[in-house]
Peer 1: 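Got a structure for you, written out below as structure tokens; questions coming shortly.
Values in this document were obtained by computation on a predicted structure and should not be read as measured data. Computed over heavy atoms, backbone and side chain alike; hydrogens, waters and symmetry mates excluded.
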Amino acid sequence: MVTKGDVKTKRRKKQAAGNGEIITLTNVSKAYATGAPALNGVSLHINKGEFVFIVGDSGSGKSTMIKLLLRELVPTSGEINVMGYDLVRIRHRKIPKFRRNLGIVFQDFRLLKDRNVYENVAFAQRIIQVSSKDIKRNVPSILATVGLAGKYKAKPRQLSGGEQQRVAIARALVNRPTILLADEPTGNLDPKNSWEIMKLLEQINENGTTVLVVTHNREIVNAMQKRVVTMKKGVIVSDEEKGGYIDED
């Protein structure tokens with residue numbers, strides 16, 4: 001039986017598809033048990049295929065936003081829609097299916113230290129029960145894409161920081177996500193490797209993936225001239241196309 005809620009969900013998905021929006025936050029607030037709200041009435045619209053930087057000082061609400069988009073947290077109030085999924089009302093059993101459409105890259109790589117490069121990437125495919133035949137085809141292909149075709153047998157400790165982050169990106173991309181979330185992807189890298197990682201993310205975006213990057217790297221943000229959303233104390237203070245890293249007093 002189709003409920004009114006199902007009809008509304010389908011209508012929201014059609015509306016999102018029609019206007020190109022793939023991420024929508026509407027008047028979103030998130031308060032923890034102690035302290036000021038981490039987010040306070042945030043509204044943000046990101047279209048399919050965009051490359052967006054989220055910047056701001058520590059405590060500005062960037063990490064909370066990422067956790068809300070991953071549905072690790074639920075907002076205190078407001079609406080969040082990602083790829084047609086209502087993240088406030090989504091049923092718990094549907095969250096894994098939703099997350100299959102997301103790739104996530106962290107500052108600290110989060111690789112399995114006891115497994116080689118191939119197995120680290122293949123792990124993401126095994127979680128969603130991809131066949132062994134497809135894994136054998138998909139993993140070498142994505143490793144070639146990130147420039148690690150010859151490193152598939154190496155363990156993480158045998159790789160440079162930049163190479164480890166490339167493995168993390170390959171793992172995030174192997175399931176062909178619609179959206180890639182990168183949380184401080186260059187935070188542990190030197191300038192040369194940082195630029196190589198950002199060029200790779202730009203290439204991924206040019207191939208159609210929506211890319212959202214949280215970063216403190218002013219040089220990269222200012223040089224790349226992408227859309228820049230600046231946060232301070234839980235609110236968005238600036239949202240500019242071809243923007244830069246701005247200081248807010």
Peer 1: Got a donor-acceptor contact below 3.5 angstrom from the Ser43 side chain to the Thr26 backbone?
Peer 2: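 It does not hold such a pair.
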
Peer 1: Could you go through the side-chain hydrogen bond (donor to acceptor under 3.5 Å, both in side chains) check for Asn138 and Gln125 one step at a time?
Peer 2: CA-CA 9 Å; Asn138 295 338; Gln125 296 247 279; 2.9 Å; yes

Peer 1: Just by distance, do the side chain of Arg71 and the backbone of Leu87 share a donor-acceptor pair under 3.5 Å?
Peer 2: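 Yes, the answer is positive, given that a donor and an acceptor are paired below the 3.5 Å cut-off.
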
Peer 1: Short question: side chain of Gln164, backbone of Gln158 - any donor-acceptor pair under 3.5 Å?
Peer 2: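 Pair absent, no side-chain N/O of Gln164 close to backbone of Gln158.
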
Peer 1: Treating Ser131 as the side-chain partner and Asp134 as the backbone partner, does any N or O pair qualify as donor plus acceptor under 3.5 Å?
Peer 2: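 Answer holds: yes.
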
Peer 1: Is the backbone of Pro177 close enough, under 3.5 Å, to the side chain of Asn175 for a donor and an acceptor to pair up by distance?
Peer 2: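 Checked: no pair found.
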
Peer 1: How many angstroms lie between CG in Asn205 and CE in Met198, if you round to the nearest 0.5 Å?
Peer 2: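 CE of Met198 is found 10.0 Å from CG of Asn205.
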
Peer 1: Quick check: does any side chain N or O of Lys62 sit under 3.5 Å from a backbone N or O of Asp57, one acting as donor and the other as acceptor?
Peer 2: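 Present.
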
Peer 1: Judged by atom type as modelled, is there a donor-acceptor pair below 3.5 Å linking the side chain of Asn47 to the main-chain atoms of Glu50?
Peer 2: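 No.
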
Peer 1: Find the distance between CG (Leu25) and CE (Met65) and round it off to the nearest 0.5 Å.
Peer 2: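 The CE atom of Met65 is 5.5 Å from CG of Leu25, to the nearest 0.5 Å.
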
Peer 1: Roughly how far apart are His216 NE2 and Glu184 CD, rounded to 0.5 Å?
Peer 2: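 Between atom NE2 of His216 and atom CD of Glu184 there are 5.5 Å.
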
Peer 1: Could you walk me through whether Phe51 and Val213 pass the side chain to side chain contact (heavy atoms under 4.5 Å, CB included) check?
Peer 2: CA-CA 8 Å; Phe51 190 119; Val213 179; 3.9 Å; yes

Peer 1: Between Lys155 and Glu119, does any NZ, NE, NH1 or NH2 come within less than 4.0 Å of an OD or OE carboxylate oxygen?
Peer 2: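 Between Lys155 and Glu119 there is no salt bridge, as every charged N stays at least 4.0 Å from the carboxylate O atoms.
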
Peer 1: Could you state the interatomic distance from CG (Leu102) to OG1 (Thr178), rounded to the nearest 0.5 Å?
Peer 2: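 That separation rounds to 8.0 Å.
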
Peer 1: Is the backbone N or O of Ile90 less than 3.5 Å from a side-chain atom of Asp86, with the two atoms forming a donor-acceptor pair by type?
Peer 2: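 Side chain of Asp86 to backbone of Ile90, a donor-acceptor pair under 3.5 Å: no, none is there.
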
Peer 1: Has Asn222 got a side-chain atom pairing as donor or acceptor with Tyr245's backbone, closer than 3.5 angstrom?
Peer 2: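 Yes, because the side chain of Asn222 sits within donor-acceptor range (under 3.5 Å) of the backbone of Tyr245.
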
Peer 1: Does a salt bridge link Arg89 with Glu79, judged by any charged N lying under 4.0 Å from a carboxylate O?
Peer 2: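 Between Glu79 and Arg89 there is a salt bridge, with a charged N closer than 4.0 Å to a carboxylate O.
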
Peer 1: Taking ring-ring contact (aromatic ring centres under 6.0 Å, His included) as the cut-off, I'd like each qualifying pair that reaches into residues 109-142, sequence neighbours left out, listed once.
Peer 2: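 For residues 109-142: none.
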
Peer 1: Does any N or O in the side chain of Glu163 come within less than 3.5 Å of the main-chain N or O of Leu148, such that one atom is a donor and the other an acceptor?
Peer 2: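 No, because the side chain of Glu163 does not come within donor-acceptor range (under 3.5 Å) of the backbone of Leu148.
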
Peer 1: Find the distance between CD1 (Ile236) and OG1 (Thr230) and round it off to the nearest 0.5 Å.
Peer 2: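 Atom-to-atom, Ile236:CD1 and Thr230:OG1 are 9.0 Å apart.
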
Peer 1: How long is the gap from NZ on Lys226 to NZ on Lys242, to the nearest 0.5 Å?
Peer 2: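 NZ of Lys242 is found 9.5 Å from NZ of Lys226.
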
